[in-house]
Structure formats: structure tokens, C-alpha cells
Enquirer: 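Quick one: structure below, then a few questions.
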Amino acid sequence: MPVRTITTSPFADQKPGTSGLRKKVTVFRQPHYIENFIQAILETAGEGLRGATLVLGGDGRYLNREAIQSAIRLAAANGVGRLLIGQGGLLSTPAASALIRSSGAIGGIILSASHNPGGPEGDFGIKYNMANGGPAPEEVTGAIHRRASTLTEYRTTDTPDLDLDRIGETRIEGMVAMVVDPVANYAALMETLVDFDRIAGLFKRGFRMRFDALSAVTGPYAQEILERRLGAPAGTVINATPLPDFGGHHPDPNPVHAEALMTEMMGADAPDFGAASDGDGDRNMIVAPGHFVTPSDSLAILAAQAHHAPGYARGLAGVARSMPTSRAVDRVAKRLGIPCFETPTGWKFFGNLLDSGRITLCGEESAGTGSDHVREKDGLWAVLLWLDILAATGKRADAILLEHWATYGRDYYTRHDYEEVDATAANALMASLRERLASLPGQSFAGLTISAADDFAYTDPVDGSVTAAQGVRILFAEDARAVFRLSGTGTVGATLRVYLERFEPDAARHALPVQQVLAPVIAAAQEIAGIARHTGRDAPSVIT
């Protein structure tokens with residue numbers, strides 16, 4: 001059918017954040033809203049898109065299938081040569097990154113709002129990934145926003161809906177639309193990184209595991225790899241079917257939203273290992289029997305133990321963490337004699353480091369861990385690497401955690417989220433902190449003395465670009481730290497995130513309750529920032 005040009009008007013709110021454009025479903029359901037933004041992506045990609053390969057998929061949340069069909073028509077009308085689409089419209093974010101890289105695609109459109117809730121009243125999102133498989137950098141997202149802000153028409157076709165459930169090729173206006181198995185390419189990549197035979201042997205010996213997919217996209221991947229290829233018993237993966245509303249789950253893998261898994265892992269008959277992933281499969285939660293493993297500790301342990309896996313037997317070139325992530329991995333890097341980079345929050349900041357070969361592993365405190373195999377965080381990969389380490393060492397996960405603390409010391413760590421805070425109040429809090437930075441050193445709060453305070457800025461060691469105002473850091477003389485920043489992943493108001501940590505070298509003190517150890521740091525942070533005064537909140541919405 002012929003290409004049609006549709007007259008439209010620009011939307012003022014189509015500015016991508018750190019992980020693409022995220023809004024409420026009701027916003028995306030406005031006439032032309034999805035089409036406008038995807039057209040802006042395609043036009044920003046430019047002439048290089050014509051005849052090229054593009055990857056398309058999403059996390060299966062509400063509106064995913066409809067948006068996929070719109071994207072197919074837009075791609076065909078804008079000259080894409082080949083479109084690779086995950087069966088059922090599904091592709092986890094790391095699997096999409098892997099497929100972009102292995103297929104030689106010019107990039108990919110990923111439909112997801114990551115760990116945000118789904119359903120008709122939930123959230124939706126669209127982001128563009130580049131040819132390296134990683135999220136578009138700021139200059140590209142800025143260009144997409146500028147184009148979206150002036151768009152007056154988009155190009156589409158009247159092609160009937162494509163059967164997303166049937167693997168195979170269909171020709172649409174000169175474009176080859178290929179529906180592909182969303183798991184196969186990803187599983188093959190995993191086999192090059194971890195020892196499948198060794199992990200299978202673990203399960204043959206009676207190893208018990210629970211993986212909670214939270215009714216999100218990782219379910220089919222986990223069932224195929226863990227249960228079918230590695231031989232884990234049926235039922236190891238729970239909540240395995242992706243649902244448009246995630247079955248009512250909040251698909252954020254943390255102790256609050258994965259409460260059932262936490263209860264099981266803290267019980268008397270806990271499995272040997274517990275894990276969960278999020279809405280689009282890029283985040284992970286690791287739970288040892290009786291112990292929640294913080295994402296910061298998980299990154300540090302993987303860095304210390306990765307050499308056991310075949311994909312990392314050569315050693316690590318370096319590691320990186322986002323600024324709010326605890327300093328646990330820094331201690332591992334120092335002992336290994338490798339660089340450790342501190343970046344702003346947002347996976348795109350790891351991209352240059354990975355592409356230049358400066359780092360092999362990287363991670364964020366918000367449950368994201370990854371390596372140089374893709375350019376996204378990868379939840380199931382982190383779980384598989386943990387399993388390979390357990391199989392190679394013959395040790396339980398809790399033993400590995402305790403031995404790590406005994407070797408490197410423990411970075412007690414927590415994150416306090418104040419969600420849906422009035423944006424004006426949240427910005428006023430941050431402005432007040434920034435105005436007082438120079439005067440804070442030397443002052444004492446809750447028995448702790450501030451040794452330094454700054455507004456974190458990052459100079460990229462590869463391209464020299466500078467990213468400023470990335471969060472206020474307060475360092476205490478007692479080897480503790482508080483970090484304040486506003487999150488860019490929510491869709492309502494503002495989320496104030498306060499990250500709190502304190503280093504404890506004494507193994508005799510490694511079993512104390514986290515909030516107890518951090519109580520002075522928490523009190524100092526609340527007083528320094530005036531959280532209650534600015535926000536009206538006496539307590540955080542979520543403690544992780």
C-alpha cells in the first residue's frame with residue numbers, strides 16, 4: 001500500500017530523559033503521540049537509515065503491541081531496509097542490545113518504561129539505541145527532542161497489522177519485516193560468557209534456586225536458559241509469563257517489590273540462591289540464604305570473582321560505577337590493580353568506557369550490572385555469572401558474601417527514596433544544598449564531621465565531554481558518605497533519592513543491622529538537606 005503523509009502538530013513534552021521518553025500510558029494514547037516521537041527518531045537517524053537494519057521490541061507492557069504495529073508502519077514508510085522484531089513484540093533490553101550488535105543494525109527502538117509499573121494507568125516508554133547497542137547519547141536525544149518539537153507531519157502506511165506471533169519474513173513497502181525468536185540470539189551469547197555445563201552440573205547435584213521474573217519480559221529468557229538448557233527443576237522460575245500489567249507487580253527487583261522472594265530466602269528452608277529481574281530485563285536482585293546482596297556488593301563480588309567464568313578468564317581491563325553506587329568495587333579494583341571510573345547515573349555514560357576497552361564490568365546501585373558483552377545493563381547475565389561463580393568455587397552465596405566482607409571490609413549502604421515529591425520543593429532542596437556547599441566542610445551533624453562537599457561533575461576520559469550538576473556529595477571524616485540527587489526515571493512529580501553509606505573494616509561488626517549502622521548518617525543527611533522542611537515528608541517512601 002502507498003506511503004501516506006499525515007499532518008500533525010508537535011507535542012511540547014517529548015523530551016527524552018536518561019532512559020528515553022517515559023510518560024503515563026494515557027499520555028502515549030493521545031492521537032499521533034507515538035507516531036510523532038518515532039518519526040522524530042527516524043528522521044534524526046537520517047539518510048543512514050535507508051536500506052539499513054533496525055531492531056524493534058519491547059517489554060510486553062500495556063500498549064506494547066499497538067506501539068509495535070505503529071513503529072512497523074513508520075519504519076516501512078521511512079525507508080528502513082530490514083526490521084528485526086521480537087516474537088510477540090518482546091525483546092528484553094539487553095537482548096535488544098545484543099541483537100543490534102550481532103546483526104549489524106544501525107540501531108534499535110525499545111518500547112519500555114523499565115522498572116516502572118504497567119497497565120492502563122501505568123507507564124510506557126520509547127527509547128532509541130545506537131549501532132553499538134547502547135542508549136543514544138545526549139547529543140542524539142537532544143536532536144530527537146528538537147525534531148519532535150517542530151514536527152508537522154509523519155509518514156506511515158495502511159498496511160494490515162503484522163502477525164507478531166509467527167516467526168518469519170513479511171515484505172512491507174520494500175522493507176523486510178522479520179519476526180525473530182527473542183531468546184535464541186541472547187542465549188547463544190550467554191553460552192560464550194559462562195560455563196553452561198558447569199552450571200548444569202550444579203543443578204544435577206540438587207542445587208535449589210528461585211528466580212522471580214515479576215510477570216515481566218525476563219520470564220521466557222529465564223525459563224529457556226535456566227530450566228530447559230541448564231536443567232533447573234520446573235518451577236524454578238516463577239511469575240514467568242509477561243503480562244501487560246505485570247500481574248499487578250511493581251516490576252522493580254528490590255526487597256520491597258519482590259517481597260515473596262525475600263520471605264522465601266529468609267526462611268528456614270530457603271533455596272540455595274534467589275534472584276529477580278525487572279520489567280525490561282536489565283536489572284537484577286541477588287539474594288543469598290538469609291542475606292540480601294546489595295547491587296553495590298554484587299558488582300564488587302562479580303569484579304572479584306569474574307575470572308572463574310570463561311568470558312572473563314583473561315581478567316578485567318577496568319571497572320566503573322555510577323557516582324551514587326557504594327565504593328565497594330573501588331576496593332576490589334585497587335587490589336586487582338585496575339582502573340575504577342566514577343560516572344554520572346545513566347547507562348549511556350558507561351558506553352564510551354566500554355567501547356574504548358577501558359572497562360569490562362560496570363554497575364549502578366539501582367540494581368543494574370553489566371559487562372562489555374552488550375551496551376546495556378543485563379539482569380539475567382548477572383544471575384548466570386553468579387551461578388557460574390558458585391559452581392566454580394563450590395561455595396554457597398552467603399559464604400561468598402561474608403568472605404568478601406572479611407577480605408575487603410563492608411560498605412554498609414542504603415537508598416532512601418522520597419517519591420512523587422512536589423517538583424518545586426525538590427528543586428528548592430537541591431538548590432539550597434548547592435548554595436551551601438562551600439560552607440559545609442568542618443561542620444558536624446549527628447556526631448559526624450563533613451570533610452568535603454561538592455556537586456559531582458564528570459569529564460569523559462574518552463571524548464572530553466563534561467557533564468555537570470549530577471548530584472550533591474557529602475563526605476564525612478568517619479569514612480561515610482551521603483549523596484542527594486533527583487531521579488529522572490519517574491513520571492509524576494520528582495523523586496528525591498538519598499544514598500547513604502559507611503565503611504566498616506572490622507569483620508566482628510559486619511552482621512549489624514544496616515539501618516542501625518547508618519542511623520547517624522541518615523540523621524545527618526536529613527538535617528543537612530532539611531528534607532522534612534522542604535518536602536513535608538517525615539520518612540522515605542521506599543528504603544532499599
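When reading the values below, keep in mind they use all heavy atoms of this one structure, side chains included, and skip hydrogens, waters and symmetry mates.
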Enquirer: Does the Asp422 side chain pair with the main chain of Thr535, one donor and one acceptor, at a distance under 3.5 Å?
Expert: no

Enquirer: Are any side-chain N or O atoms of Thr495 and backbone N or O atoms of Glu419, one a donor and one an acceptor, separated by less than 3.5 Å?
Expert: no

Enquirer: Using atom types as modelled and distance alone, determine if a side-chain donor or acceptor of Arg537 lies under 3.5 Å from a backbone N or O of Pro540.
Expert: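 No; zero donor-acceptor contacts below 3.5 Å.
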
Enquirer: Any salt bridge between Asp212 and Arg210, counting N to O under 4.0 Å?
Expert: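 No, this pair does not count.
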
Enquirer: Which heavy-atom pair separates Gln69 from Asp161 by the least distance, and what is that distance?
Expert: OE1-CA, 3.5 Å

Enquirer: Does a side-chain N-to-carboxylate-O contact under 4.0 Å join Lys24 and Glu121?
Expert: no

Enquirer: If you compare all heavy atoms of Glu43 against all heavy atoms of Leu151, which two are closest, and at what distance to 0.1 Å?
Expert: OE2-CD1, 3.9 Å

Enquirer: Give, for atom OH of Tyr458 and atom CZ of Phe341, the distance between the pair rounded to the nearest 0.5 Å.
Expert: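 Going from OH on Tyr458 over to CZ on Phe341, the span is 7.0 Å.
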
Enquirer: Is the backbone of Val237 close enough, under 3.5 Å, to the side chain of Gln223 for a donor and an acceptor to pair up by distance?
Expert: no

Enquirer: State, without any angle test, whether Tyr418 and Arg497 hold a side-chain donor-acceptor pair at a distance under 3.5 Å.
Expert: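 No, no side-chain donor-acceptor contact under 3.5 Å.
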
Enquirer: Is a side-chain N or O of Gln470 found less than 3.5 angstrom from the main chain of Ala468, in a donor-acceptor match?
Expert: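 At least one qualifying donor-acceptor pair exists.
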
Enquirer: About how many Å separate CZ of Phe484 and NE2 of His416, when rounded to the nearest 0.5 Å?
Expert: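 It comes to 11.5 Å.
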
Enquirer: Stepwise, does the side-chain hydrogen bond (donor to acceptor under 3.5 Å, both in side chains) test hold for Asp388 with Tyr312?
Expert: CA-CA 11 Å; Asp388 203 14; Tyr312 308 95; over 6 Å; no

Enquirer: Donor-acceptor pair, distance only, cut-off 3.5 Å: does the side chain of Arg61 make one with the backbone of Asn116?
Expert: yes

Enquirer: Going by side-chain contact (heavy atoms from CB on, under 4.5 Å), name the residues that satisfy it together with His250, two or more places apart in sequence or in a different chain.
Expert: Pro117, Asp252, His257

Enquirer: Any side-chain donor paired with an acceptor under 3.5 Å for Arg4 and Tyr154?
Expert: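 Short answer, no.
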
Enquirer: What is the minimum heavy-atom distance between Val293 and Trp386, and which atoms define it?
Expert: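 Minimum heavy-atom contact is CG1-CZ2, 4.1 Å.
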
Enquirer: State, with a plain yes or no, whether a side-chain heavy atom of Ser298 is found less than 4.5 Å away from one of Met285.
Expert: no

Enquirer: Any side-chain donor-acceptor pair under 3.5 Å between Thr157 and Thr159?
Expert: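 Distance-only check passes for Thr157 and Thr159.
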
Enquirer: Assess the side chains of Arg73 and Ser70: does a donor N or O sit below 3.5 Å from an acceptor N or O?
Expert: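 No, no side-chain donor-acceptor contact under 3.5 Å.
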
Enquirer: Looking at every heavy atom in both Ile38 and Ala71, which two are closest together, and how far apart are they?
Expert: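 So the minimum-distance heavy-atom pair works out to CD1-CB, 3.8 Å.
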
Enquirer: Does a donor on one side chain sit under 3.5 Å from an acceptor on the other, for Ser92 and Tyr186?
Expert: no

Enquirer: Would Asn129 and Glu376 count as having a side-chain donor-acceptor pair, cut-off 3.5 Å?
Expert: yes

Enquirer: May I have the step-by-step check of side chain to side chain contact (heavy atoms under 4.5 Å, CB included) for Leu84 and Thr53, ending in yes or no?
Expert: CA-CA 7 Å; Leu84 304 181; Thr53 297; 4.0 Å; yes

Enquirer: Under 4.5 Å between any side-chain heavy atoms of Val3 and Thr156, yes or no?
Expert: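 They are not in side-chain contact.
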
Enquirer: Quick test of your reading of the model: are Asp165 and Arg65 salt-bridged, counting only N-O distances below 4.0 Å?
Expert: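 Counted as a salt bridge, because a side-chain N and a carboxylate O are separated by less than 4.0 Å.
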
Enquirer: Taking Val27's backbone N and O only, do any of them form a donor-acceptor pair with Gln30's side chain (distance below 3.5 Å, no angle check)?
Expert: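 Such a contact is found between Gln30 side chain and Val27 backbone.
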
Enquirer: Do Lys377 and Pro94 come close enough that some side-chain heavy atom pair is under 4.5 Å?
Expert: no

Enquirer: Do Arg229 and Glu191 sit within salt-bridge range, that is, some charged N less than 4.0 Å from a carboxylate O?
Expert: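 Looking at Glu191 together with Arg229, the answer is yes, because their closest N to O distance falls below 4.0 Å.
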
Enquirer: Quick one: are Pro295 and Glu364 in side-chain contact, heavy atoms under 4.5 Å?
Expert: no

Enquirer: Looking only at side-chain N and O atoms, does Asp417 offer a donor or acceptor that is under 3.5 Å from a partner on Ser541?
Expert: no

Enquirer: For Thr218 and Ser277, which I'm curious about, is there any donor-acceptor pair between the side chains at under 3.5 Å?
Expert: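 Yes, Ser277 and Thr218 have a side-chain donor paired with an acceptor closer than 3.5 Å.
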
Enquirer: Do Thr93 and Asp280 have side-chain N/O donor and acceptor atoms under 3.5 Å apart?
Expert: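 Distance-only check passes for Thr93 and Asp280.
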
Enquirer: Rounded to the nearest 0.5 Å, how far does CZ of Arg375 lie from CZ of Phe350?
Expert: 12.5 Å

Enquirer: Got a second to check how far Phe37's CZ is from Lys15's NZ, nearest 0.5 Å?
Expert: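 It is 12.0 Å, given to the nearest 0.5 Å.
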
Enquirer: Does the Asn64 side chain pair with the main chain of Ile68, one donor and one acceptor, at a distance under 3.5 Å?
Expert: no

Enquirer: For His145, give me all partners under ring pair (Phe, Tyr, Trp, His ring centres under 6.0 Å), at least two apart in sequence or on another chain.
Expert: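 So His145 forms no ring pair (Phe, Tyr, Trp, His ring centres under 6.0 Å) with any residue.
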
Enquirer: Is any NZ, NE, NH1 or NH2 atom of the basic residue among Asp123 and Lys23 found under 4.0 Å from an Asp or Glu carboxylate oxygen of the other?
Expert: no

Enquirer: Hey, does Ser296 have a side-chain heavy atom less than 4.5 Å from the side chain of Val329?
Expert: no

Enquirer: Between Arg321 and Glu342, is the closest basic N to carboxylate O distance under 4.0 Å?
Expert: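 Counted as a salt bridge, because a side-chain N and a carboxylate O are separated by less than 4.0 Å.
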
Enquirer: Determine whether Trp347 and Ser322 satisfy the following criterion, side-chain hydrogen bond (donor to acceptor under 3.5 Å, both in side chains), listing intermediate values before the conclusion.
Expert: CA-CA 9 Å; Trp347 206 259; Ser322 64; over 6 Å; no

Enquirer: How far does CG of Leu74 sit from CG of Leu56, to the nearest 0.5 angstrom?
Expert: 10.5 Å

Enquirer: Using a 4.5 Å cut-off on heavy atoms from C-beta on, say whether the side chain of Ile41 contacts that of Ile126.
Expert: yes

Enquirer: Roughly how far, to the nearest 0.5 Å, is the OG atom of Ser114 from the CG atom of Asp59?
Expert: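 One gets 8.0 Å once the value is rounded to the nearest 0.5 Å.
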
Enquirer: Closest approach of Ile359 and Cys362, non-hydrogen atoms and distance?
Expert: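 Nearest heavy atoms, Ile359 then Cys362: CD1-CB, 3.9 Å.
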
Enquirer: Can you confirm whether Glu259 is buried at CD, in the sense that more than 12 heavy atoms of other residues, nucleotides or ligands lie under 6.0 Å from that atom?
Expert: no

Enquirer: Taking side chain as C-beta onward, heavy atoms only, is Ile238 less than 4.5 Å from Phe211?
Expert: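 No, too far: nothing below the 4.5 Å cut-off.
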
Enquirer: Run the salt-bridge test on Asp378 and Arg283 with the 4.0 Å N-O cut-off and return the result as yes or no.
Expert: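 Looking at Arg283 together with Asp378, the answer is no, because their closest N to O distance does not fall below 4.0 Å.
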
Enquirer: Apply ring-ring contact (aromatic ring centres under 6.0 Å, His included) to residues Tyr62 and Phe124 and explain how you reach the verdict.
Expert: CA-CA 8 Å; Tyr62 188 86; Phe124 192 74; 8.9 Å; no

Enquirer: For the residue pair Asn284 / Thr369, report whether a side-chain donor-acceptor contact shorter than 3.5 Å exists.
Expert: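 Result is yes, a qualifying pair exists.
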
